[in-house]
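Order of the sequence lines fixes the chain letters, A, B, ..., with proteins taken first and strands second; residue numbering starts at 1 for each chain. Note that these values count all heavy atoms, side chains included, but never hydrogens, waters or copies made by symmetry.
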Amino acid sequence: MIHFVLLISRQGKVRLTKWYSPYSQKERSKVIRELSSEILSRGPKLCNFVEWRGFKVVYKRYASLYFCICNDQDDNELETLSIIHHYVETLDRYFGSVCELDLIFNFHKAYFILDEILLAGEMQETSKRTTLRLIAAQEELLEAAKEEASSLSSIIAQATK
Amino acid sequence: MDPILNPFSSGTRLRDMIRAIRACKTAAEERAAIRKECAAIRTSINENDPDYRHRNLAKLMFIHMLGYPTHFGQMECLKCIASPGFPEKRIGYLGLMLLLDERQEVLMLVTNSLKQDLNHMNQYIVGLALCALGNICSAEMARDLAPEVERLLQFRDPNIRKKAALCSIRIIKKVPDLAENFVKPATALLKEKHHGVLITAVQLCADLCKVSREALEHIRKKCTEGLVRTLKDLANSSYSPEYDVSGITDPFLHIRLLKLLRLLGEGDADASDSMNDILAQVGTKTESNKVAANAILYECVQTIMSIEGNGGLRVLAIGILGKFLSNRDNNIRYVALNMLMKAVTADPQAVLRYRATILECVKDADASIRKRALELVYVLVNESNVKPLTTELVSYLETCDQDFKGDLTAKICSIVSKFSPEKIWYIDQMIKVLLEAGSFVKDEVWRALIVVISNASELHGYAVRALYKAFQKSNEQEAFTRVAIWCIGEYGDLLINNVGMLDLEDRITVTESDAVDLIEITIQCHALDFTTKAMALVALLKLSSRFPSCSERIREIIVKYKGNFVLELQQRSIEFNSIIARHQNIRSMLVERMPVLDEATFIGRQAGSLPDAGSISAGSSVSLPNGVAKPADSLVDLLDLNSNDAPAPSSSGGDFLQDLLGVDLSPAAQSGANQTSKSGTDALLDLLSVGSVSGPVESPSAQSNSSAIDILSASKSEKASVSPLDDLSSLSLSSRTTSITGAAPMMDLLDGFASTPPKSENNGTVYPSITAFESSSLQLTFNFSKQPGNSQTTNIQATFINLSSDEYTDFIFQAAVPKFLQLQLDPASGSTLPANGNGSITQNFRVTNSQNGKKSLVMRIRITYKINGKEKLEEGQISNFPRDL
């Protein structure tokens with residue numbers, strides 16, 4: 001089971017945190033501090049696994065971002081690497097060659113996409129197309145709500161004129 | 001308020017806020033910006049304007065990610081979730097998952113909204129609620145909402161079914177009792193074609209198997225075949241672009257299926273049999289150098305290793321690992337090492353084939369790989385390969401990183417002390433390690449070396465010469481210096497006279513003053529701490545007697561320390577000075593060679609301290625230097641473990657009684673720590689089982705000094721049949737019973753006062769006498785009677801009859817009982833047993849059975865006596881007690 005997902009920039013800034021196991025807010029910041037110093041200091045050619053507090057943290061660097069997933073000791077590390085890659089590819093398709101800035105300004109979208117791929121610390125959907133279709137459908141709902149709201153406010157504006 | 005003039009107001013858009021924060025050049029600037037923004041958000045929250053709620057929450061999440069407190073926004077999440085629109089709900093649930101954790105009470109407030117949303121018309125809102133529930137639900141919420149989730153497992157849209165399946169995983173993890181409700185719907189989902197539903201169903205089934213035995217049986221019986229077919233179809237499926245990952249269709253599903261099959265196959269030969277073919281197929285046909293393919297192979301190997309044995313498959317699996325190990329990708333090598341660790345128990349010989357490669361990995365540049373490899377080597381070592389492996393490791397010690405040296409040193413020391421075939425090799429290796437990484441060697445390890453040297457009388461000369469030679473080259477390592485100084489002090493005479501030369505040694509010429517020089521140089525070295533200097537002073541004192549010609553010079557060196565700031569050194573200096581100067585006549589007696597240190601005691605102590613050191617975490621046995629330790633009674637050191645002042649093995653029986661109590665209490669106090677570490681160490685278990693013997697009481701007439709130890713060893717062997725975990729858990733209980741022992745008679749007394757029980761009860765049941773023990777020379781019968789008003793306690797009268805034609809003297813009877821019993825022995829009627837049955841000894845004792853009615857009595861006995869001054873010993877177990885005692 002996945003316990004948490006972290007996205008950390010090379011400068012140590014947090015770009016996304018997702019917790020599937022209960023960590024108090026205090027523990028969360030401690031975990032982030034500990035792991036980012038450990039992971040950021042590792043050389044480029046080393047393996048992508050760090051043993052940490054009885055768990056295994058699998059990380060992979062894409063451009064300036066480190067994607068980290070904390071797993072149980074006996075989970076398949078190579079699969080976790082594939083999950084990270086799957087997530088990155090999905091982001092890439094969604095944003096169209098994703099970069100760190102996309103994830104900063106649209107951090108909530110990164111969360112929504114992650115929520116369609118992982119749930120309760122397990123894999124939810126393995127098809128990128130399905131994931132993106134679901135995201136698109138929900139965005140349509142948003143647009144519809146927005147339009148409705150604006151038409152509503154124009155009606156009110158007219159009525160109160 | 002114009003948003004352009006004031007970038008920090010609730011009117012600013014999220015994007016502008018992020019931009020403004022990113023524009024901050026210093027941390028202080030950023031803090032100020034965020035403070036301002038938070039203030040604006042708070043005002044907006046207080047105004048309760050629903051239009052900005054969505055935006056405020058998004059901003060708060062960003063601020064939260066930067067690590068600032070945002071608790072004031074928690075209620076906003078709830079308001080958003082409660083509002084009717086999809087956009088608000090979506091951001092509200094996201095905030096809920098990010099800003100709260102399951103321990104916060106606020107979360108309880110959301111249960112009702114969740115319930116409503118789980119029943120919502122709009123399937124996307126249902127999806128949001130499921131997602132939030134799956135990620136953060138607590139046990140209470142799980143209980144409340146389980147029926148909804150269960151129903152959603154049959155929802156028309158597959159995307160909701162898959163979310164509900166994962167949500168169920170969270171629920172059964174939080175409340176395992178609910179598992180049975182989910183078994184049926186979960187197995188129904190396994191038949192689906194939609195990959196999302198299928199993979200989540202497989203995961204749900206795997207978790208069901210983990211929490212419930214019945215679920216495991218059910219799924220094993222009903223679904224194994226279907227799952228094997230699904231995996232087969234998947235493995236043989238043609239290219240499908242939607243699920244393709246570098247040439248493989250849905251590796252994630254592959255892996256989850258293999259994982260579930262592993263759970264089903266474990267411990268069940270039939271299920272394992274049915275999956276052999278597909279495992280072989282996956283193991284052979286998956287060929288690729290891509291991560292996804294290797295992930296599948298890795299999972300497949302893991303499954304093969306876990307299910308019930310099939311030789312061919314195992315060979316295939318080990319072969320795959322071998323290929324992994326020679327891969328250039330560090331990740332692949334890492335998982336191979338990881339897997340070999342598990343394979344070691346199944347097939348150590350196969351793993352040993354990769355010894356060379358594994359040793360290479362110990363020297364890898366990557367810390368994670370090094371650590372794995374070292375642990376693997378540690379497990380692989382045995383008596384036959386310890387020499388080459390240690391040589392490799394020790395030679396690597398010279399070149400490895402500083403931060404790895406600690407681990408490596410600890411492992412080498414542990415290996416060397418555990419498997420060393422002979423003492424001389426042990427001494428050699430330890431000297432090498434001390435020279436190379438003395439600062440990483442734990443105190444007890446170098447002390448152990450001294451103990452070993454002092455015990456090996458034939459190697460005294462060799463050891464001191466080897467240490468002297470090494471010491472001349474380097475004195476940087478303090479631990480080494482201490483050992484060397486100690487040995488030179490003790491065995492200085494052997495050093496200069498080349499006493500006890502071994503064939504393999506070169507002769508060295510050391511004069512008396514050379515040896516003194518060496519110590520003088522050492523003691524003047526400022527880097528050394530005062531313990532070492534104090535040891536050096538003692539060594540000098542010893543040498544002053546061994547080398548009378550240097551005596552005056554030594555005195556001068558010692559005198560220099562009489563004004564030292566360290567009290568210890570000052571005192572030693574002054575005292576030693578006066579010994580050398582004024583007490584010539586007794587000096588040689590004073591500084592005689594140390595008596596041989598008790599190795600068993602030391603090892604026992606060490607074993608006791610090991611759980612803290614963590615050096616036996618691999619579940620290995622005590623670091624008893626095989627072939628180094630003398631076959632001492634291991635019980636002696638067990639006793640010693642717990643009492644801080646070592647009881648000399650010659651102490652009298654009475655002392656041991658106290659020790660027994662000490663033994664009984666102290667492990668119980670430690671049990672908390674030990675239980676968690678559960679390191680499975682033999683020593684630890686022995687120690688614990690000693691603790692759990694509930695009061696084997698020595699008969700007061702006993703005079704033999706070893707008897708208490710014997711009693712313990714008897715009860716220890718009995719304990720061997722009891723599972724160690726049992727012992728662990730019952731520890732505290734047993735210590736309690738011990739403390740009650742003293743109080744029991746008192747309670748009996750009170751009983752007697754309170755009510756005089758009717759006689760009939762006393763005589764209600766008459767128990768037949770039994771012949772408890774009979775040998776060619778001795779017969780023992782037990783008569784039973786119950787104590788009035790106390791059904792748990794039985795009075796037993798033991799009668800001993802001598803069947804041989806010799807008189808027995810010094811007759812001692814000892815008994816031990818398992819922990820649910822309690823035993824009190826009265827003094828025996830005598831210690832001499834006449835020959836040919838012309839008389840008997842009787843001895844009364846009481847047994848209290850805490851499990852009266854459930855378990856019957858059982859007892860181990862041991863009888864010692866002398867025939868014409870020759871010791872005899874008889875032992876036995878008594879289990880033919882009447883049932884309801």
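Cation-pi geometry between B:Arg372 and A:Phe49 is not met at under 6.0 angstrom from the ring centre and within 45 degrees of the axis.
At a 4.5 Å heavy-atom cutoff, the contact between A:Leu101 and chain B is made by side-chain atoms alone. With a 4.5 Å cut-off on non-hydrogen atoms, B:Leu133 does not touch chain A at all. For chain B, no part of A:Ile32 is nearby; none of its heavy atoms comes within less than 4.5 Å. Contact of A:Arg42 with chain B is made through the side chain alone, with heavy-atom distances under 4.5 Å. Interface residue B:Pro87: backbone and side-chain heavy atoms are both found under 4.5 Å from chain A. For chain B, the nearby part of A:His86 is the side chain; its heavy atoms alone come within less than 4.5 Å. In this structure, the portions of A:Thr17 lying under 4.5 Å from any heavy atom of chain B include both its backbone and its side chain. Looking at A:Thr130, the atoms closer than 4.5 Å to chain B (heavy atoms on both sides) sit in the backbone and in the side chain alike. The part of B:Lys173 that comes within reach of chain A is its side chain, from C-beta onward, which places non-hydrogen atoms under 4.5 angstrom from that chain. Looking at A:Lys26, neither its backbone nor its side chain comes within 4.5 Å of chain B, counting heavy atoms on both sides. Contacts between A:Arg133 and chain B at a heavy-atom distance below 4.5 Å involve the side chain alone, from C-beta outward. If you measure heavy-atom distances from A:Leu119 to chain B, the contacts under 4.5 Å come from both the backbone and the side chain.
Your options are A:Glu116, A:Lys128, A:Lys146, A:Glu89, and the one with the most heavy-atom pairs under 4.5 Å with chain B is A:Glu116. With respect to chain A, the highest number of heavy-atom pairs below 4.5 Å among B:Val245, B:Ile199, B:Asn159 belongs to B:Asn159. Between chain B and the options A:Tyr111, A:Phe105, A:Trp19, heavy-atom pairs under 4.5 Å are most frequent for A:Phe105. Per-residue counts of heavy-atom pairs under 4.5 Å with chain B were compared for A:Leu16, A:Val50, A:Leu81, A:Ile83; the largest is that of A:Ile83.
In this structure, A:Asp115 and B:Asn135 have side chains that are in contact, with non-hydrogen atoms separated by less than 4.5 Å. In this structure, A:Phe112 and B:Leu128 have side chains that are not in contact, with every pair of non-hydrogen atoms separated by 4.5 Å or more. Residues A:Glu77 and B:Asn338 are in side-chain contact: their nearest non-hydrogen atoms beyond the backbone lie under 4.5 Å apart.
The closest side-chain donor-acceptor pair between B:Gln302 and A:Asn76, if any, does not fall under 3.5 angstrom. Defined by atom type and a distance below 3.5 Å, a donor-acceptor pair is present between the side-chain atoms of B:Tyr334 and A:Glu51.
With hydrogens and angles disregarded, no donor-acceptor distance shorter than 3.5 Å links the side chain of B:Asn331 to the backbone of A:Cys47. Without hydrogens or angle criteria, B:Arg170 side chain to A:Tyr20 main chain gives a donor-acceptor distance under 3.5 Å. A donor-acceptor contact shorter than 3.5 Å is absent between the side chain of A:Glu122 and the backbone of B:Thr200.
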_Run B:Tyr298 and A:Glu79 through side chain to side chain donor-acceptor pair (under 3.5 Å) and show every step you take._
CA-CA 9 Å; B:Tyr298 176 43; A:Glu79 190 209 9; over 6 Å; no
*Yes or no on salt bridge (Lys or Arg N to Asp or Glu O under 4.0 Å) for B:Lys259 and A:Asp75, after CA distance, side-chain angles and deciding distance?*
CA-CA 10 Å; B:Lys259 218 174 240 179; A:Asp75 278 341; 3.6 Å; yes
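Side-chain rings of A:His108 and B:Phe62 stay apart, their centers remaining 6.0 Å or farther from each other.
B:Arg22 and A:Glu100 are not joined by a salt bridge, as no carboxylate oxygen comes within less than 4.0 angstrom of a charged side-chain nitrogen.
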